[in-house]
Amino acid sequence: MVELKNSLYNTAAPSTQSIHGDDHLHATSEVSTPISVSTTFAYNKKEITANNYGLDQRYIYSRSGTPILTKVEATLSTLSEGYAVIYGSGLTAAFSVLVEQRPKKIALGSGYFGIKNVIEQYQRLVPNVQVVGLDCSYNDVDIVWLESPINPTGEVRDISSYALRAHAAGALLVVDATLAPPPLSYPFRQGADIVVHSATKFLGGHSDLLAGVVVSRAPKSAESMRVARSVLGTGPGSLDAWLLLRSLRTLSVRVQNQSQTATRLVAFLESHRRLAVVSACHSPSVQELAIGRRITAVRHASLQLSTTHCSFIETQHPNGYAPVFSIRFATKDQALFVARHLQLHTFATSLGSVESLVDWRHGIDSKEDPGLLRISVGLENFDDLANDWSKTLLALDAHEKGSAKL
Ligand SMILES: *Cc1c(COP(=O)(O)O)cnc(C)c1O
């Protein structure tokens, strides 16, 4: 069996790992891995006998693996400091963790609503599974399921403290780190046992593929999950796997750039919000006041830093925060006005892509605040995005003044 991880690059920088993590698996002279959609692989006529029928062949049938999938797993294993197994979606990855671990009691925090649906599906298979809150007692808890950064706010939780609590209770800590893939965060360093990602988001990064990843610290657990995936065919299709490999090459530069732009945009919006409520050292112009006046809150990891208990954030995010934040308005009409008026932020769900996206989460998850918008920052220029916000927020202010007069 070929070693999945390329130990040569264990200590290389993430940008190098994402380009060379699978060098040892290059089988042809093509510099870019060839696209292959073959579902079946020819037997080696010289070596095959009745006793070893296909057994010593690495690839036989695509349900159990393809060369491209192995390359994706090698690259991601090297990048994420664990053993990666790829699935057809983020939620298939999450479901596979539950089936592998068979928890009877799960502690679940806030975050992406789809995880609750996955747990409901799991409860249909395994009756009497209990779900408790993340901050409840971990008595008899088998799995602590933590999302950090949290969808939709981009705020973070202290992974180390949950790891300590989970391990003291004999539970595993699973971290959904979709909003901050490497090199933005490395949850194993804070004690996570399993990391999951929706690869549809930043790992894919171009809104053109659906996939998920489970990264285990233990190679055995990854191998056992890979066997189950082969039996069920829960891996991604060949074209999606190829697109994912293509995307991983630029992961590091994409997400660090997106993270910087997002953090600047958050500072820009938050400073305008504060001008409107706090008396500033300089007298803000009428226009500056109008930009910030309708924002009721901005939420992001960079704004948690000002609170005293958040010194862990810097350690958890050595190369930047999630390129996702949320902004809140007083009413759903204001939020929808903004979502419709932004021009460089496409009004669509999902996150993590090269284009900036704005989503009204209440429309999808009725428990979410109706005045809240989730912003996923893409690779556009900061000034252009900030201008888009200024224009939109000025239009909102004018619109609100107009309706007040009616
Ligand atoms: C999108 C998302 C998922 C689900 O991933 P899919 O690829 O859509 O199945 C899981 N967790 C988080 C935090 C997400 O944002």
Side-chain angles (χ1 to χ4, degrees), residues 72 76 80 84-99 106 108-122 134 143-157 159 173-182 184-185 187 192 194-215 229 232 234-237 239-241 243-244 247-248 255 258-259 262 299-301 316-317 321-326 348-353 356-361 363-365 367-368 372-378:
V72 173
L76 269 173
S80 52
V85 185
I86 317 296
Y87 291 89
S89 76
L91 291 185
T92 306
F95 187 69
S96 306
V97 169
L98 296 180
V99 171
I106 305 170
L108 177 69
S110 51
Y112 185 67
F113 75 106
I115 297 294
K116 292 188 200 89
N117 297 341
V118 166
I119 293 177
E120 273 170 29
Q121 291 296 318
Y122 172 69
L134 193 64
I143 282 193
V144 176
W145 195 285
L146 176 72
E147 191 168 303
S148 183
I150 304 168
N151 186 348
T153 63
E155 290 177 326
V156 289
R157 297 232 193 206
I159 297 175
L173 178 67
V174 180
V175 176
D176 181 338
T178 296
L179 268 62
L184 301 182
S185 78
I194 295 171
V195 179
V196 301
H197 294 277
S198 164
T200 315
K201 314 294 172 55
F202 289 101
L203 298 176
H206 295 72
S207 302
D208 58 7
L209 68 93
L210 191 72
V213 190
V214 175
V215 194
R229 184 191 61 190
L232 295 168
T234 43
L239 282 177
D240 279 17
L243 284 168
L244 182 52
S247 296
L248 289 177
V255 298
Q258 285 168 285
S259 168
R299 293 174 70 184
H300 185 239
Q316 217 166 284
H317 288 277
Y321 313 116
V324 174
F325 68 92
S326 71
T349 194
S350 198
L351 56 93
S353 190
S356 292
L357 297 169
V358 52
D359 193 17
W360 183 57
R361 295 304 290 166
I364 287 167
D365 179 0
K367 288 194 201 69
E368 209 53 81
L372 180 138
L373 295 176
R374 180 185 68 198
I375 314 302
S376 171
V377 178

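Just so you know, ligand 1 is whichever comes first in the structure, and atom 1 is the first atom listed for that ligand.
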Checklist outcome for this item: At under 4.0 Å between heavy atoms, what of Ala211 touches ligand 1? The answer is backbone
Item to check | Candidates Ile119, Leu173, Val97, Leu134 - the one meeting side-chain contact (heavy atoms from CB on, under 4.5 Å) with Trp145 | outcome: Val97
Next on the checklist: I want to check something: taking the side chain as every heavy atom from C-beta on, are His197 and Pro182 in contact at a cut-off of under 4.5 Å?
Outcome noted: yes
Checklist entry - Between Thr200 and ligand 1, does any nitrogen or oxygen pair lie at a separation below 3.5 Å? => result yes
Item to check | Check: Phe202 and Val324 side chains under 4.5 Å, non-hydrogen atoms | outcome: yes
Checklist entry - Which atoms of ligand 1 sit under 4.0 Å from any heavy atom of Ser89? => result 7 (O), 9 (O)
Item to check | Rounded distance [0.5 Å steps], CG in Leu179 versus CZ in Arg374 | outcome: 7.5 Å
Checklist entry - Which atoms of ligand 1 are found less than 4.0 Å from any heavy atom of Thr178? => result 11 (N), 12 (C), 13 (C), 14 (C), 15 (O)
Checklist outcome for this item: To the nearest 0.5 Å, atom CD1 of Ile364 lies from atom OH of Tyr112 at 7.5 Å
Checklist entry - With a 4.5 Å limit on heavy-atom distance, are the side chains of Phe113 and Arg361 in contact? => result yes
Checklist entry - Can you find an N/O atom of Gly90 closer than 3.5 Å to an N/O atom of ligand 1? => result yes
Next on the checklist: Just to confirm my output: which protein heavy-atom neighbour is closest to atom 15 (O) of ligand 1, and how far is it?
Outcome noted: Lys201 NZ, 2.8 Å
Checklist entry - Is a side-chain donor or acceptor of Thr178 paired with a backbone partner of Ser198 at a separation under 3.5 angstrom? => result yes
Item to check | Closest approach of any protein heavy atom to atom 4 (C) of ligand 1, naming residue and atom | outcome: Tyr112 CE2, 3.5 Å
Checklist entry - Taking both backbone and side-chain atoms of Leu91, is any N or O found less than 3.5 Å from an N or O belonging to ligand 1? => result yes
Checklist entry - Between atom OG1 of Thr234 and atom OH of Tyr87, what is the distance when rounded to the nearest 0.5 Å? => result 5.5 Å
Checklist outcome for this item: Under 4.0 Å between heavy atoms, the region of Asn151 that gets near ligand 1 turns out to be side chain
Next on the checklist: Within the 4.0 Å heavy-atom shell around Glu147, which atoms of ligand 1 are there?
Outcome noted: 13 (C)
Next on the checklist: Just to confirm my output: which protein heavy-atom neighbour is closest to atom 11 (N) of ligand 1, and how far is it?
Outcome noted: Asp176 OD2, 2.7 Å
